[in-house]
Amino acid sequence: MASASFHAPRGTRDLLPENLLRTLLMEEAAREVARRGGYGEIRPPLFEETKLFSRSLGNQSDVVEKEMFTVLRRGEASEDSWTFRPEGTAGVVRAYIEAGCPASAPFQKWFYMGPMFRYERPQKGRERQFQQFGVEVFGSKSPLLDAEIVDGAMQFFEALGFGPELEARVNTMGDESDRAEWRQSLLSYFEPHLDARCEDCRSRFKRNVFRLLDCKNDACISGNQGAPALTTVMGKEASEHHTAFLMGLERLGRKPKIDGSLVRGLDYYSRTVFEIHYPPLGARSALCGGGRYDGLVELLGGPPTPAIGFAAGFTSTELAMEEMGLPANADVIAAQAAFAPAVYCLAIGEEDREAAFAAAHECRSAGLSTAIDYRNRSAKAQFKEANRLSVPFVFVIGPDEREQGVVLLRDMVNGEEEKIPLDEAVSRLAAEL
RNA sequence: GUGGGCAUAGCUCAGUUGGUUAGAGCACCAGAUUGUGGUUCUGGGGGUCGGGGGUUCGAAUCCCCUUGCCCACCCCA
């Protein structure tokens, strides 16, 4: 608009009070799920050394190659810079190591919530600044933990009102050595057939050969039929882990969809990988992704330490809620009522304002959320304002009330009015609300 | 990075083959009701029609350039 000369940067948006409800609900759900699971909150910095991300995510990953929000420290040396975190895991792992946890208290269950940054073209469900809720657990190889993590992610969405269509898709990537061997066999399998693949696959071939497996192109899908499967090279331990993980999920009453084509883009995953989908959303159904990353702590300078986690994106979750009509109207009204002031201190005339001003202070001291006019508006306008704010009670203060040492307590729902002393009115409402 | 679409009031949008002073609904303000909200009625404020250039007697409308936004692809949350 012509009057607004400044604009929120591309891919960012302002969450104004009236649009914040879903975000608050997601934060509430996240904290509740974390509390149930015994997760402690961690808040690493929003930016880290660039190297931390290039090493953990992999130099070839799209995130590192073209989506980093980087701040140069000196000159133009690309490695000597800071980068706003494109995801949460790397910083959390760094903090885990830096705090000395591996030696002192290797088993940790942490969660985090906050903004992430990726420099990419925004579109529906994708922003340059977006919020994630994530958990990371260090120090256990137990496949039952993998099942707990998937279950926790599911609980997050269920707490928000997602229905039974919610779907956990799981797969295994094997151990690092398995992956290396599998990668080699995939490379040699696909190389002679590259001409038959789509353009995307040809470029994926060099960057991340695993991605050829989940190409949506029909010709490529049939070309994948004879590709070597991970199971042919996967070691015994990783296989047993996967089986135990699936049994654990079954124990929790979860019915995951086993998806052999599920391959996550970041380098650090090993063994269990999973995504939470809400299929009614179609192409944008992925709401959450995660998995095990047993090699990452060591890769970032710590001792070998198994770990697993997930990250849920607020942007896509919010979109999904919107499309599902969540939260329900009744919940919206309840939430609005919870945020609405309890009392409006209304001055009839100019000479009543000081008394209303003091009354508002009394209300607030007693813990009541209180509104008052600061724009010298008429009594009528103040009533309108109180109504607009959904305030349930108004203290009317005019010459009569001041003379009698009372306030006129008006119940805005049923219209009843009563003249009582201010302190009595305050304590009554404070007890009630 | 590649491709497509859209820019008119705070918001959602009308605006005829180019033709007086650019409109509606919602929101906002005031009055009807001099101490009373939600409904209703009346009135009001608010626009460089994204920006720049061109064609024309005349441009929101046609042409060129530019900026911004949205959507899709790659990839991902």
Side-chain angles (χ1 to χ4, degrees), chain A residues 1-13 16 18-19 26 57 60-67 85-89 115-134 153 156-157 198-204 207-208 211 214-217 263-266 275-278 281 283-290 310-320 344 346-349 352 375 377-402 408-417 419:
Chain A
M1 293 305 99
S3 56
S5 44
F6 290 108
H7 201 273
R10 168 176 283 194
T12 71
R13 62 190 163 132
L16 302 177
E18 60 268 32
N19 296 328
M26 287 187 279
L57 304 177
Q60 256 58 255
S61 67
D62 274 53
V63 174
V64 170
E65 265 191 344
K66 52 184 197 187
E67 297 176 1
R85 60 184 190 188
E87 54 99 53
T89 301
M116 307 293 162
F117 306 84
R118 289 188 199 177
Y119 197 96
E120 57 187 339
R121 287 285 284 269
Q123 62 187 66
K124 205 167 183 63
R126 199 172 66 180
E127 303 172 280
R128 287 184 171 181
Q129 178 181 330
F130 57 98
Q131 195 159 333
Q132 281 187 337
F133 159 55
F156 170 66
F157 296 104
C198 66
E199 201 177 316
D200 291 336
C201 280
R202 286 201 293 275
S203 79
R204 284 180 191 129
R207 288 199 316 247
N208 188 344
R211 297 224 71 94
D214 64 0
C215 183
K216 296 139 209 148
N217 184 307
V263 168
R264 311 233 68 231
L266 306 179
E275 290 176 353
I276 309 295
H277 285 254
Y278 195 72
L281 294 182
R284 291 192 313 280
S285 67
L287 305 175
C288 170
F310 72 71
F314 277 30
T315 310
S316 40
T317 304
E318 182 181 2
L319 258 173
Y344 192 104
L346 185 152
I348 294 297
D352 304 314
R375 291 181 294 173
R377 314 213 330 147
S378 68
K380 181 195 177 81
Q382 291 178 69
F383 269 106
K384 273 190 168 174
E385 177 79 351
N387 188 63
R388 196 181 63 76
L389 295 171
S390 307
V391 177
F393 295 101
V394 171
F395 288 176
V396 182
I397 296 168
D400 300 348
E401 286 80 6
R402 282 195 293 125
L408 181 69
L409 169 60
R410 179 179 173 87
D411 183 325
M412 294 295 278
V413 178
N414 59 25
E416 282 172 18
E417 292 183 344
K419 280 186 177 174

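Lettering follows sequence order; numbering is per chain, from 1.
- When the side-chain hydrogen bond (donor to acceptor under 3.5 Å, both in side chains) test is applied to R128(A), no partner is found at least two apart in sequence or on another chain.
- Among the atoms of the strands shown, none is found under 4.0 Å from any heavy atom of G349(A).
- By the ring pair (Phe, Tyr, Trp, His ring centres under 6.0 Å) test, Y278(A) is found to be paired with F162(A), residues two or more places apart in sequence or in another chain being considered.
- Taken to the nearest 0.5 Å, the CE atom of M26(A) stands 9.5 Å off from the CZ atom of F157(A).
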Are there any protein N/O atoms within less than 3.5 Å of an N/O atom in nucleotides 42-44 of chain B, and if so, which ones and at what distance?
none

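- In this structure L319(A) satisfies the side chain to side chain contact (heavy atoms under 4.5 Å, CB included) test together with K124(A), R284(A), E323(A), sequence neighbours excluded.
- Scanning for side-chain hydrogen bond (donor to acceptor under 3.5 Å, both in side chains) contacts around D400(A) gives an empty result, with sequence neighbours left out.
- Between the side chain of E417(A) and the base of U36(B) there is at least one donor-acceptor pair of N/O atoms closer than 3.5 Å.
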Tell me, with the steps shown, if R13(A) and E318(A) meet salt bridge (charged side-chain N to carboxylate O under 4.0 Å, His left out). CA-CA 14 Å; R13(A) 62 190 163 132; E318(A) 182 181 2; 2.9 Å; yes
Which string of ( ) [ ] | and . matches RNA chain B, if you list each base 5' to 3' and count Watson-Crick or G-U pairs only when both distances are under 3.5 Å? (((((((..((((.....[...)))).(((((.......))))).....(((((..]....))))))))))))....
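- Remark on RNA chain B: of its neighbouring residues V396(A) and R10(A), the 5'-side contact belongs to V396(A), judged by nearest-heavy-atom nucleotide.
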Indicate for each nucleotide in nucleotides 71-77 of chain B, in 5' to 3' sequence, whether protein heavy atoms under 4.0 Å reach the base (B), only the sugar-phosphate (S), or nothing (-). BBBBBSB
Quick tally for nucleotides 25-34 of chain B: nucleotides whose base has a protein heavy atom under 4.0 Å get B, sugar-phosphate-only ones S, the rest -, giving ---SSS--B-
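- Partners of F156(A) according to the ring pair (Phe, Tyr, Trp, His ring centres under 6.0 Å) rule, which considers only residues two or more places apart in sequence or in another chain, are F133(A).
- Every residue two or more places apart in sequence or in another chain was checked for a side-chain hydrogen bond (donor to acceptor under 3.5 Å, both in side chains) with E401(A), and none qualifies.
- With sequence neighbours left out, F130(A) forms a ring pair (Phe, Tyr, Trp, His ring centres under 6.0 Å) with no residue at all.
- In this structure S285(A) satisfies the side-chain hydrogen bond (donor to acceptor under 3.5 Å, both in side chains) test together with H277(A), sequence neighbours excluded.
- No contact: E65(A) has no heavy atom under 4.0 Å from any strand.
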